[in-house]
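Comments concern the structure below.
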Amino acid sequence: MLNFNKKAFIIAEIGNNHEGNFDLAKKLILLASKANADAVKFQTYITHKFIHRESRVRFKKLKKYQLSHEQFKKLKDVAKKLNLKFISTPLDLDSAKLLKSICDIVKIASSDNNFYPLLDFFIKSKKKVIISTGMLSYLDIVNLRKYILKKISKFELKKRFYFLYCVTSYPAEKKKTNLNSIRYLKEKTDLNIGYSDHTLGIEACIVARILGANIIEKHFTIDNHFSKFRDHLLSANPKNFKTMVEYIRNAELMLGDFEKKIQTTEKIFLNQLRRAPYASKNIIKNDYLNLKNVDFLRPEKKLKHSFDLKDIFKKKAKYNLFKGQLIKPGDIK
């Protein structure tokens, strides 16, 4: 199981933004490290086992972007040296076999979250698996969970599988991003829930973290205008990605623990800002305390006693009290 330790696991989704340039792919890993990512992610495929040749334009482009399996092994080594987790999405079953042996974590794309031969391969593999849930309804996710649980235990599901809320749109409109789905899925399921982003900008990732996403995946590019390839525009460049990570880490600091307690920094103000009862006039022994003879003021000095103010007007003076006198618990009965 990933050790979130109050910190989200942040993935720089390089995908195909290297456009088949192996040196650029290596450089993007280095830039992701400098931008404080926890992991880098690619797409691994053999074009003719992924795209039908009749889709000529797409086939030609993805063939150009295709890196070899040997190159992916080298990219894994680059990531390891930079202390980054190496993740990739297999888009065919032969590539799945490679990634089983070299990846720290494997990612199933939204397009393949119903491709059961691929799911079955990784369910059996014992690898950590991230599944994007684009194009799935809540009921679909419940049924996918049931399918996985037919093959492994609940403990293994929790330990190995992570589900990313995702809107399959490029780019996803902000008004249709519906990030409350993250909170919904966290409350309605026992699954590890994260977020895979396709919006322009970095705001959605920050909001997703605040809503409880423990994994944040954002597309990553060297330059948003590197080419006309769609993914560059919806990616974060190195500067923006680093800013996003900084904002997320600051948000995590502010989110703190899931509890309500008096913070250490608050305790020094307890005696300065809490009110204490003072006699607003001379009070005779056995007189009841009331708003006519008691003022509630912030004390000038640290009090050595605590006072419950909610039922003070049910009490009588035990002694004669003088105007301006601090009324202590021992002064009333």
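These numbers come from the heavy atoms of this one structure, side chains and all, not from hydrogens, waters or symmetry mates.
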Going by heavy atoms in the side chains, are [X] and [Y] under 4.5 Å from each other?
{"X": "Lys34", "Y": "Pro238", "answer": "no"}
{"X": "Tyr184", "Y": "Tyr165", "answer": "no"}
{"X": "Tyr162", "Y": "Asn214", "answer": "no"}
{"X": "Asn320", "Y": "Asn282", "answer": "no"}
{"X": "Lys333", "Y": "Asn286", "answer": "yes"}
{"X": "Ile46", "Y": "Ser95", "answer": "yes"}
{"X": "Lys128", "Y": "Asp104", "answer": "no"}
{"X": "Ile108", "Y": "Phe161", "answer": "no"}

Could you tell me whether the side chain of [X] and the main chain of [Y] form a donor-acceptor pair under 3.5 Å?
{"X": "Asp331", "Y": "Lys328", "value": "yes"}
{"X": "Asn293", "Y": "Asn290", "value": "yes"}
{"X": "His52", "Y": "Lys49", "value": "no"}
{"X": "Ser68", "Y": "Gln71", "value": "yes"}
{"X": "Asn17", "Y": "Phe220", "value": "yes"}

From [atom1] ([X]) to [atom2] ([Y]), nearest 0.5 Å:
{"X": "Leu99", "Y": "Phe42", "atom1": "CG", "atom2": "CZ", "answer": "11.5 Å"}
{"X": "Ser111", "Y": "Leu91", "atom1": "OG", "atom2": "CG", "answer": "6.5 Å"}
{"X": "Tyr247", "Y": "Asn240", "atom1": "OH", "atom2": "CG", "answer": "10.0 Å"}
{"X": "Asn21", "Y": "Lys27", "atom1": "CG", "atom2": "NZ", "answer": "10.0 Å"}
{"X": "Phe241", "Y": "Glu13", "atom1": "CZ", "atom2": "CD", "answer": "10.0 Å"}
{"X": "Ile327", "Y": "Phe296", "atom1": "CD1", "atom2": "CZ", "answer": "7.5 Å"}

Might you work through the side chain to side chain contact (heavy atoms under 4.5 Å, CB included) test for Asp140 and Asn113, ending with a clear yes or no?
CA-CA 10 Å; Asp140 293 330; Asn113 56 31; over 6 Å; no
What closest approach, in Å, do [X] and [Y] show between heavy atoms, and which atom pair accounts for it?
{"X": "Leu118", "Y": "Ala96", "value": "CD1-CB, 3.7 Å"}
{"X": "Gly134", "Y": "Ser110", "value": "N-OG, 2.9 Å"}
{"X": "Ala8", "Y": "Asp38", "value": "O-OD2, 3.4 Å"}
{"X": "Thr221", "Y": "Leu28", "value": "C-CD2, 3.8 Å"}
{"X": "Lys218", "Y": "Gly201", "value": "NZ-O, 2.8 Å"}
{"X": "Gly324", "Y": "Tyr278", "value": "O-CD2, 3.6 Å"}

Are more than 12 heavy atoms, taken from residues, nucleotides or ligands other than [X], located less than 6.0 Å from that residue's [atom1] atom?
{"X": "Lys186", "atom1": "NZ", "value": "yes"}
{"X": "Ile268", "atom1": "CD1", "value": "yes"}
{"X": "Lys318", "atom1": "NZ", "value": "yes"}
{"X": "Lys174", "atom1": "NZ", "value": "yes"}
{"X": "Asp190", "atom1": "CG", "value": "yes"}
{"X": "Arg145", "atom1": "CZ", "value": "yes"}
{"X": "Lys127", "atom1": "NZ", "value": "yes"}
{"X": "Glu266", "atom1": "CD", "value": "yes"}

Under a 3.5 Å cutoff, is there a donor and acceptor pairing between the side chains of Thr177 and Thr199?
no
Do His232 and Glu19 have side-chain atoms, one donor and one acceptor, less than 3.5 Å apart?
yes
Report the C-alpha separation of Leu233 and Leu200 in whole Å, then their side-chain angles, then the decisive distance to 0.1 Å, and conclude whether the side chain to side chain contact (heavy atoms under 4.5 Å, CB included) test is met.
CA-CA 7 Å; Leu233 187 62; Leu200 301 179; 4.1 Å; yes
Same cluster for [X] and [Y] if Ile/Leu/Val/Met/Phe/Trp/Tyr side chains link at under 4.5 Å?
{"X": "Val106", "Y": "Leu144", "answer": "yes"}
{"X": "Val167", "Y": "Ile131", "answer": "yes"}
{"X": "Leu191", "Y": "Ile123", "answer": "yes"}
{"X": "Leu31", "Y": "Phe86", "answer": "yes"}
{"X": "Tyr138", "Y": "Leu164", "answer": "no"}

Does the distance from a Lys or Arg side-chain N to an Asp or Glu carboxylate O, for Glu246 and Arg249, drop under 4.0 Å?
no
In plain terms, say whether Arg275 and Asp295 are close enough for a salt bridge, that is, a side-chain N and a carboxylate O under 4.0 Å apart.
no
Ring centroid separation Tyr65 to Phe229 under 6.0 Å:
yes
ring-ring contact (aromatic ring centres under 6.0 Å, His included) between Tyr116 and Tyr147, worked out
CA-CA 10 Å; Tyr116 290 99; Tyr147 180 83; 4.7 Å; yes
Partner of Glu156 by salt bridge (charged side-chain N to carboxylate O under 4.0 Å, His left out), out of Arg160, Lys158, Lys159
Arg160
Pick out which of Arg209, Lys6, Lys7 makes a side-chain hydrogen bond (donor to acceptor under 3.5 Å, both in side chains) with Glu252.
Arg209
Determine the sole option in Thr243, Ile222, Asn224 for which the side-chain contact (heavy atoms from CB on, under 4.5 Å) test with Asn237 is passed.
Asn224
Please report the C-alpha distance between Lys26 and Asp23 in whole Å, then the side-chain angles of each, then the deciding distance to 0.1 Å, and finally whether the side chain to side chain contact (heavy atoms under 4.5 Å, CB included) criterion is met.
CA-CA 5 Å; Lys26 291 192 292 183; Asp23 288 334; 3.6 Å; yes
Show your working on side chain to side chain contact (heavy atoms under 4.5 Å, CB included) between Asn16 and Tyr45 and close with a plain yes or no.
CA-CA 11 Å; Asn16 288 314; Tyr45 57 88; 3.6 Å; yes
